[in-house]
> 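A single structure is presented below for examination.
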Amino acid sequence: MDLLDTLTAKGLRGEVPTREEALAVLATTDDELLDVVAAAGKVRRRWFGRRVKLNYLVNLKSGLCPEDCSYCSQRLGSKAEILKYTWLKPDQAADAARAGVAGGAKRVCLVASGRGPTDRDIDRVTDTMAAIKDADPEVEICVCLGLLSDNQAERLKAAGADAYNHNLNTSEGTYGTITKTHTYADRVDTVQKAHGAGLSACSGLIAGMGESDEDLVDVVFALRDLGSDSVPVNFLIPFEGTPLAKEWNLTPQRCLRILAMVRFVNPDTEVRIAGGREVHLRSMQPLGLHIANSIFLGDYLTSEGQAGQTDLDMIKDAGFEVEGAGEATLPRHRADVAEADRAGGGCGTAASACGSGGGCGPCGGHAHTSDASAPEAVPSEAVSPAAVAESGAEDELRSDLVKVRRRGAGTELAPNA
């Protein structure tokens, strides 16, 4: 296919396709799917070989967020039966992080629900990072706390944070349809603050919220233009109790085409399969590894992932290997550019983008101000969404697809890593 030959050649040179070419990837047929995966796989191997970077989530504070993000189980007014608790103590968070690192995770992502952190919250996260770094000085730490105020990114950087996650989620044109309590420009401002402070920018998207192909291409090109070092691709988990509970718009084939489009637009950037891969890719997850070079290990913030050992077995069986702590994730030329940008203020002086939600985890910041020192676990059951096939025919309820997380940080049960 001429399109795939062109995209492969551009990707091997580190060049970006046109918008029309990116849209054409999303329009390919199921008969062409393996050709699309193979083409994206060539680009992936050119820049990342067969390495898979493992990331591990620690939910520092869960639920009761004042923001109204339609996709989020922690949103204002959410009826999803998730765990709700105030800030974990540093030793609790460090214990949870150790489980992920022991499973092979190279990066620990510290997330807290809410609009954005107070200065006291920055102190809490600083103490938590110190506890984690004491146990393993080499581990990367990405922080996701929502919208940042002036000088907070600098404080996080000085305390040892390596990256900051804040996702764009969707296109600027449709952002107002999923969130009313903050704007796309707010997210842009936060990623600029993070990048300008010398933090690696981690910013991605959520697919499956009813967006068009044009919306997907818009947000992916925006992320490229904003210099995101890692792009988490989330597939909507339609939690019961949220406005998007009935948005079952994705098939495994659609997810692979989206991943391929993201890879072609970001040939030499870390592309991460984030939330929803088990729900939507299902048995085709190994094909996703031929496109993306990064995944989350084990559970997510408020939903269960597949067993950590299953992730490791999948990586090995698919012919890939876990990226080691001493290996650089980004290609040398890409890492040099990113470092120079951050050292010189790079894209931290103009409106750029990142957002909280879906990437390292949905939403970050401060909302719940309870003084309780120990997390209070709220009983939860498996969610049973009414999955609707793309053909419009109603499918059986699939309680095995979406399960509320009830283990790990915030519970008395061991984490899944």
> Assess the residue pair Arg124 and Asp127 against the criterion (salt bridge (Lys or Arg N to Asp or Glu O under 4.0 Å)); give the C-alpha distance rounded to whole Å, side-chain angles, the decisive distance to 0.1 Å, and a yes or no.
CA-CA 5 Å; Arg124 290 187 176 100; Asp127 292 342; over 6 Å; no
> Evaluate the ring planes of Trp248 and His280, with Trp represented by its six-membered ring, and classify them as parallel (under 30°), tilted (30 to 60°) or perpendicular (over 60°).
tilted
> Measure the CG-CD1 distance between Leu64 and Ile82 for me, rounded to the nearest 0.5 Å.
7.5 Å
> Show the numbers, then the answer: is there a side chain to side chain contact (heavy atoms under 4.5 Å, CB included) between Leu33 and Leu287?
CA-CA 10 Å; Leu33 182 64; Leu287 284 179; 5.6 Å; no
> Any side-chain to backbone donor/acceptor pair from Thr181 onto Asp68? Under 3.5 Å, distance only.
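Confirmed, Thr181 side chain pairs with Asp68 backbone.
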> Which pair of heavy atoms, one from Cys202 and one from Cys142, lies closest together, and at what distance?
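Taking every non-hydrogen atom into account, CB-SG, 4.3 Å.
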> So do the side chains of Asn59 and Gln74 get within less than 4.5 Å of each other, counting heavy atoms only?
yes
> Tell me, do Pro117 and Gln152 make a side-chain contact under 4.5 Å, heavy atoms counted?
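Yes, close enough: below the 4.5 Å cut-off.
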> Is there side-chain contact between Leu199 and Val143, with at least one heavy-atom pair below 4.5 Å?
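Answer no - side chains too far apart.
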> Measure across Met261 and Val25 and return the closest heavy-atom pair with its distance rounded to 0.1 Å.
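For Met261 versus Val25, the nearest heavy atoms are N-CG1, 3.9 Å.
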> Thr329 and side-chain hydrogen bond (donor to acceptor under 3.5 Å, both in side chains): which partner among Glu323, Arg107, Arg51?
Glu323
> Hey, what do you get for CD (Glu240) to OG1 (Thr242), rounding to the nearest 0.5 Å?
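Reported value, rounded in 0.5 Å steps: 9.0 Å.
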> Thinking salt bridges, do Arg50 and Glu321 make one under a 4.0 Å N-O criterion?
no
> Between Glu327 and Lys106, is there a salt bridge with N-O shorter than 4.0 Å?
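Looking at Glu327 together with Lys106, the answer is no, because their closest N to O distance does not fall below 4.0 Å.
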> To the nearest 0.5 Å, how far apart are NZ in Lys193 and CG in Leu156?
13.0 Å
> For the side chain of Thr190 and the backbone of Leu148, is there at least one donor-acceptor N/O pair under 3.5 Å apart?
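Between the backbone of Leu148 and the side chain of Thr190 there is a qualifying donor-acceptor contact (under 3.5 Å).
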> When Asn293 is tested against each of Arg45, Arg263, Arg272 for side-chain hydrogen bond (donor to acceptor under 3.5 Å, both in side chains), which residue passes?
Arg263
> Are any of the side-chain heavy atoms of Asp229 and Arg334 separated by less than 4.5 Å?
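Yes, at least one pair of side-chain atoms sits under 4.5 Å.
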> Is a salt bridge present between Lys10 and Asp268, judged by a nitrogen-to-oxygen distance below 4.0 Å?
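Salt bridge flag = no for Asp268 with Lys10.
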> Main chain of Glu67, side chain of Arg75: is a donor-acceptor contact present, judged purely on distance under 3.5 Å?
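Pair absent, no side-chain N/O of Arg75 close to backbone of Glu67.
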> Looking at Leu60 and Ala93, what are the two nearest heavy atoms and their distance?
CD2-CB, 3.7 Å
> Between Val233 and Ile273, is there a side-chain heavy-atom distance shorter than 4.5 Å?
no
> Salt bridge or not between Arg155 and Asp123? Use side-chain N to carboxylate O under 4.0 Å.
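Salt bridge: yes.
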> If you round to the nearest 0.5 Å, how far is CD1 of Ile206 from SG of Cys69?
8.0 Å
> Could you check Asp299, Asp311, Thr310, Leu297 and say which one makes a side chain to side chain contact (heavy atoms under 4.5 Å, CB included) with Asn416?
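Of all the options given, the one that passes is Asp299.
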> Does Tyr164 reach the side chain of Lys157, with side-chain heavy atoms less than 4.5 Å apart?
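No, too far: nothing below the 4.5 Å cut-off.
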> Yes or no on side chain to side chain contact (heavy atoms under 4.5 Å, CB included) for Asp121 and Leu145, after CA distance, side-chain angles and deciding distance?
CA-CA 9 Å; Asp121 295 335; Leu145 306 176; 5.8 Å; no
> Both conditions, 6.0 Å and 45 degrees, for the charged tip of Arg405 above the ring of Tyr300: are they met here?
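Negative - Arg405 is either too far from the ring of Tyr300 or too far off its axis.
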> Of the non-hydrogen atoms in Glu278 and Gly298, which two are nearest, and what is the gap between them?
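Result for this residue pair: OE2-O, 4.3 Å.
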> Under 3.5 Å, is there a donor on one side chain and an acceptor on the other for Asn169 and Tyr71?
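Yes, Tyr71 and Asn169 have a side-chain donor paired with an acceptor closer than 3.5 Å.
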> Does one side chain, of Thr170 or Asp215, offer a donor that lies under 3.5 Å from an acceptor on the other?
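No.
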> Roughly how far apart are Ile141 CD1 and Lys133 NZ, rounded to 0.5 Å?
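Ile141 CD1 to Lys133 NZ: 5.0 Å, rounded to 0.5 Å.
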> Would you tell me whether Thr183 and Asp186 have side-chain atoms, one donor and one acceptor, within less than 3.5 Å of each other?
yes
> Identify the two heavy atoms, one from Lys84 and one from Gly63, that lie closest to each other, and give their separation to 0.1 Å.
CG-CA, 4.4 Å
> Yes or no on side chain to side chain contact (heavy atoms under 4.5 Å, CB included) for Trp47 and His333, after CA distance, side-chain angles and deciding distance?
CA-CA 10 Å; Trp47 301 108; His333 75 279; 3.1 Å; yes
> Check step by step if side chain to side chain contact (heavy atoms under 4.5 Å, CB included) holds for Phe264 and Glu21.
CA-CA 9 Å; Phe264 288 130; Glu21 289 166 341; over 6 Å; no
> Compute whether any side-chain donor of one residue and acceptor of the other, for Arg187 and His182, lie under 3.5 angstrom apart.
yes
> Please determine whether a side-chain nitrogen of the Lys or Arg among Lys316 and Asp313 lies less than 4.0 Å from a carboxylate oxygen of the Asp or Glu.
no
> Just one of Thr251, Asp30, Val36, Ile291 clears the side chain to side chain contact (heavy atoms under 4.5 Å, CB included) bar with Leu256, so which one?
Ile291
> Just by distance, with hydrogens left out, do Thr177 and Thr174 show a side-chain donor and acceptor under 3.5 Å apart?
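No, no side-chain donor-acceptor pair sits under 3.5 Å.
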> Under a 3.5 Å distance rule, please check whether Arg282 uses its side chain to pair with a backbone N or O of Val279 as donor and acceptor.
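Pair found, side chain donor or acceptor close to backbone of Val279.
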> For residues Arg98 and Pro415, determine if any side-chain heavy atom of one lies less than 4.5 Å from a side-chain heavy atom of the other.
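A side-chain contact under 4.5 Å is absent here.
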> Could you measure the distance from the CG atom of Asn165 to the OG atom of Ser230? Nearest 0.5 Å is fine.
7.5 Å
> Inspect the surroundings of NZ in Lys42 and state if more than 12 heavy atoms from other residues, nucleotides or ligands are less than 6.0 Å away.
no
> Side chains of Met314 and Leu289, heavy atoms from C-beta outward: is any pair under 4.5 Å?
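The answer is yes, as the side chains (C-beta and beyond) meet within the 4.5 Å cut-off.
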> Would you call Arg254-Asp213 a salt bridge at under 4.0 Å N-O?
yes
> Does Ser113 reach the main-chain N or O of Lys61 with its side chain, forming a donor-acceptor pair under 3.5 Å?
yes
> Kindly give the heavy-atom pair with the smallest separation between Ser70 and Pro243, and that separation in Å.
O-CD, 3.3 Å
> Have Ser294 and Asn55 got a donor and an acceptor in their side chains that come within less than 3.5 Å?
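Note: Ser294 and Asn55 side chains meet the donor-acceptor criterion.
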